[in-house]
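Note that the numbering runs from 1 along the sequence shown for the chain.
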Amino acid sequence: MTISIGVVGAGQFARSFIPLFQAHPGVHDVRLTEAVPERLERESARHAITTTYKSFEDMLVSDVDAVAIFTQRWTHGPLVIQALKAGKHVYSCVPMAVSEEEIAAIIEAVHRTGLTYMMGETSYYNPAAVYCRKRHAEGAFGDIFYAEGDYVHDMDLGFYDAYRFSGGDRWKETASFPPMYYPTHALGGVLAVTGSHATSVSCLGVSDTRGDGVFNRAVSRWDNDFSNATALFRTADGGIVRTNEMRRVGYPSRLRESRFRFFGTEGSFEQLATTTLWQNREKAEDIEELIRTAPAAGLDEAALADIDPALRDAFGSGFAPVHDISRLPDEFAGQPNGHQGSHQFLTDDFVSACLTGKTPPVNAWTAARYTLPGLVAHRSALAGGAQLDVHDFGDAPV
């Protein structure tokens with residue numbers, strides 16, 4: 001049994017996944033739709049895709065089995081709901097949605113239809129999360145009582161060009177996307193280790209001072225002027241999680257966009273841009289070589305040509321020694337990978353879930369736990385750091 005997949009959006013991120021869907025033994029056909037006709041023609045030719053659609057709606061009325069959504073970050077919720085209602089399995093880039101109502105509607109649709117939904121959260125497969133998840137399962141941390149997850153990505157390191165690429169002449173309206181609306185690369189990596197979820201949050205935002213029209217409330221689609229934000233969460237296991245979402249920061253994000261710290265009663269883990277330590281009461285051990293990814297093979301240089309050089313490393317990061325590549329299809333050998341070695345795992349987990357009916361790791365309920373706390377955190381920041389409760393939709397049904 002195999003499935004067909006319709007890729008929605010032929011932008012910079014989708015190009016990294018189309019070859020993986022095409023190579024996967026569980027996929028017999030990859031199709032494409034894109035709102036910009038010239039881009040649809042160019043990318044379908046580049047990837048030898050023979051079936052294309054002029055619109056998302058045309059794709060949904062076809063016999064395609066699943067859709068993979070690679071559109072702008074604030075559009076995901078409505079598109080996912082529409083696809084599930086049309087009877088399609090769904091892979092969606094992050095974030096899951098930008099409102100609690102959209103999140104609730106996605107969960108309801110997945111529960112009602114029994115279809116597969118997976119959010120493509122890269123941090124679940126981040127080498128730090130993979131390593132710490134294993135150490136936590138072994139009991140090496142003892143009880144994790146405090147953790148940190150940072151997504152530290154300066155606007156000057158590629159984001160200006162990325163927003164111009166996707167936003168057109170009015171790109172500044174959406175480049176002000178609230179930092180805490182994009183919490184999954186920080187919070188997701190923490191919760192992927194602890195298995196807990198946020199119950200409350202207090203957050204503070206920092207108003208931008210660059211004065212270039214980005215993060216300008218008069219221009220922003222979201223009336224947002226926060227370029228940096230810090231949130232402190234209480235979690236259901238009694239622990240504490242702090243996350244940073246930073247868009248104005250003197251930090252080499254091309255080296256390590258997401259970084260993590262975990263403190264337990266028996267052991268701890270800490271990361272900086274080029275350093276990773278495992279520690280207990282007796283010693284501190286440098287484990288950077290286990291965590292560092294090697295450059296990926298199979299990169300299409302032409303596909304990277306219009307991507308800012310500061311972002312290209314993210315699209316070309318291969319595996320780290322802690323990754324179990326033996327579980328991946330043989331057909332992926334020599335194929336591209338990226339974002340800390342996550343792309344091939346993301347692709348395989350989604351296709352496998354569609355074929356077997358098993359719940360994927362970052363399913364709708366887990367995706368809600370990675371996404372909704374950030375939306376509430378932004379509300380807290382607007383209220384001067386007020387502590388707010390975070391609703392939980394529960395665990396995925398067995």
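Side-chain atoms of His28 and Thr2 form a donor-acceptor pair, as typed in the model, at a separation below 3.5 Å. Judged purely by distance below 3.5 Å, without hydrogens or angles, the side chains of Thr356 and Ser352 never pair a donor atom with an acceptor atom. No side-chain N or O of Ser342 forms a donor-acceptor pair with one of Thr122 less than 3.5 Å apart. With hydrogens and angles left out, the side-chain atoms of Tyr131 and Asn126 include no donor and acceptor closer than 3.5 Å. Judged by distance alone, the side chains of Gln279 and Ser268 do bring a donor and an acceptor atom under 3.5 Å apart. A donor-acceptor contact closer than 3.5 angstrom is absent between the side chains of Ser253 and Asp154. Side-chain polar atoms of Ser176 and Asn224 form no donor-acceptor pair below 3.5 angstrom. For Glu100 and His391, the side-chain atoms include no donor-acceptor pair closer than 3.5 Å.
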Under 3.5 Å donor-acceptor pairs involving side-chain atoms of residues 82-90, not counting sequence neighbours:
unit_1: Gln82; atom_1: NE2; unit_2: Glu57; atom_2: OE2; d: 3.2
unit_1: Lys88; atom_1: NZ; unit_2: Ser62; atom_2: O; d: 2.8
unit_1: Lys88; atom_1: NZ; unit_2: Val64; atom_2: O; d: 2.8
unit_1: His89; atom_1: ND1; unit_2: Thr116; atom_2: N; d: 3.0

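Remark: of the listed residues Asn228, Asp156, Asp208, Asp208 is the sole one forming a side-chain hydrogen bond (donor to acceptor under 3.5 Å, both in side chains) with Arg248.
Between His343 and Phe345, a ring centre-to-centre spacing not shorter than 6.0 Å is recorded. In this structure, Phe332 has its ring center under 6.0 Å from that of His24.
Within 6.0 Å of atom CD in Glu41, 12 or fewer heavy atoms from other residues, nucleotides or ligands are found, so the atom counts as exposed in its surroundings. Applying the 6.0 Å contact sphere to CG of Asp169 captures no more than 12 heavy atoms from other residues, nucleotides or ligands. Within 6.0 Å of atom CZ in Arg112, more than 12 heavy atoms from other residues, nucleotides or ligands are found, so the atom counts as buried in its surroundings. Summarising the local packing, CG of Asp237 is surrounded by more than 12 heavy atoms from other residues, nucleotides or ligands at distances under 6.0 Å.
Contact of the Ile3 side chain with the Leu355 side chain is registered, since non-hydrogen atoms from C-beta on lie closer than 4.5 Å. Between Val67 and Met59 the shortest side-chain heavy-atom distance falls below 4.5 Å. Using a 4.5 Å heavy-atom threshold, the side chains of Val190 and Phe262 count as touching. Annotation: side chain of Phe17 is in contact with side chain of Thr347 (closest heavy-atom distance under 4.5 Å). In this structure the side chain of Tyr91 never reaches within 4.5 angstrom of the side chain of Cys354, judged on heavy atoms. In this structure, the side chains of Thr194 and Val241 stay at 4.5 Å or more apart for every pair of heavy atoms. Side-chain contact between Val130 and Tyr124: absent, with no pair of heavy atoms (C-beta onward) separated by less than 4.5 Å.
Residue Ile291 holds its CD1 atom at 10.5 Å from CG of Asp286, rounded to the nearest 0.5 Å. Here Arg369 contributes atom CZ and Ser196 contributes atom OG; the two are 7.5 Å apart, rounded to the nearest 0.5 Å. With values rounded to the nearest 0.5 angstrom, Arg234 atom CZ is found 12.0 Å from Ser202 atom OG. For the atom pair OG1 (Thr243) and NE2 (His185), the distance works out to 13.0 Å, reported to the nearest 0.5 Å. Here the CD1 atom belonging to Ile69 is positioned 7.5 Å from the OG1 atom belonging to Thr75, to the nearest 0.5 angstrom.
A donor-acceptor pair under 3.5 Å is formed between the side chain of Ser380 and the backbone N or O of Ala386.
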query: Do Thr265 and Asp143 pass the side chain to side chain donor-acceptor pair (under 3.5 Å) test, and can you show the C-alpha distance, the side-chain angles, and the key distance before you say yes or no?
result: CA-CA 5 Å; Thr265 54; Asp143 294 328; 4.6 Å; no
task: Walk me through it: do Ile240 and Leu232 pass the test side-chain contact (heavy atoms from CB on, under 4.5 Å)?
output: CA-CA 7 Å; Ile240 301 167; Leu232 190 67; 3.4 Å; yes
query: Going through the checks in order, is the side-chain contact (heavy atoms from CB on, under 4.5 Å) test met by Trp278 and Arg135?
result: CA-CA 10 Å; Trp278 171 260; Arg135 298 308 302 264; 3.9 Å; yes
- request: Test side-chain contact (heavy atoms from CB on, under 4.5 Å) on Asp225 and Asn216 and set out the steps.
  value: CA-CA 5 Å; Asp225 67 352; Asn216 181 336; over 6 Å; no
field: Test log, rule side-chain contact (heavy atoms from CB on, under 4.5 Å), inputs His47 and Val30
entry: CA-CA 10 Å; His47 298 286; Val30 176; over 6 Å; no
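Look at Arg31 and Asp63 and you find a salt bridge, because one of the NZ, NE, NH1 or NH2 atoms lies within 4.0 Å of a carboxylate O, short of that distance. Asp150 has a carboxylate O that lies under 4.0 Å from a charged side-chain N of Arg242, or vice versa, which qualifies the two as a salt bridge. Salt bridge Glu38/Arg42: absent, no basic N to carboxylate O contact under 4.0 Å. By the 4.0 Å N-to-carboxylate-O rule, Arg259 lies too far from Glu270 to be salt-bridged with it. Arg327 has a carboxylate O that lies under 4.0 Å from a charged side-chain N of Asp349, or vice versa, which qualifies the two as a salt bridge. A salt bridge between Arg217 and Asp223 is present, with a side-chain N of the basic residue lying under 4.0 Å from a carboxylate O of the acidic one. Under the 4.0 Å criterion applied to side-chain N and carboxylate O atoms, Glu288 and Arg292 are assigned as salt-bridge partners.
Note: Phe177 and Tyr182 have perpendicular aromatic rings, judged against thresholds of 30 and 60 degrees for the angle between ring planes. Between His153 and Phe159, the two ring planes are parallel [angle under 30°; tilted spans 30° to 60°]. Classified by interplanar angle (parallel below 30°, tilted 30° to 60°, perpendicular above 60°), the ring pair Phe13/Phe70 is perpendicular.
Pairing each heavy atom of Ala128 with each of Phe269, the nearest pair is CB-CZ, 3.7 Å. A pairwise comparison of heavy atoms in His323 and Pro127 identifies CE1-CG, 3.6 Å as the closest pair. Closest approach of Met180 and Pro183 over heavy atoms only: O-CD, 3.5 Å. For the pair Phe215 and Met155, the tightest heavy-atom approach, listed with the atom from each and the gap, is CE1-CG, 3.9 Å.
A cation-pi arrangement, defined by a distance under 6.0 Å to the six-membered ring centre and an angle within 45 degrees of its axis, is absent between Arg221 and Tyr163.
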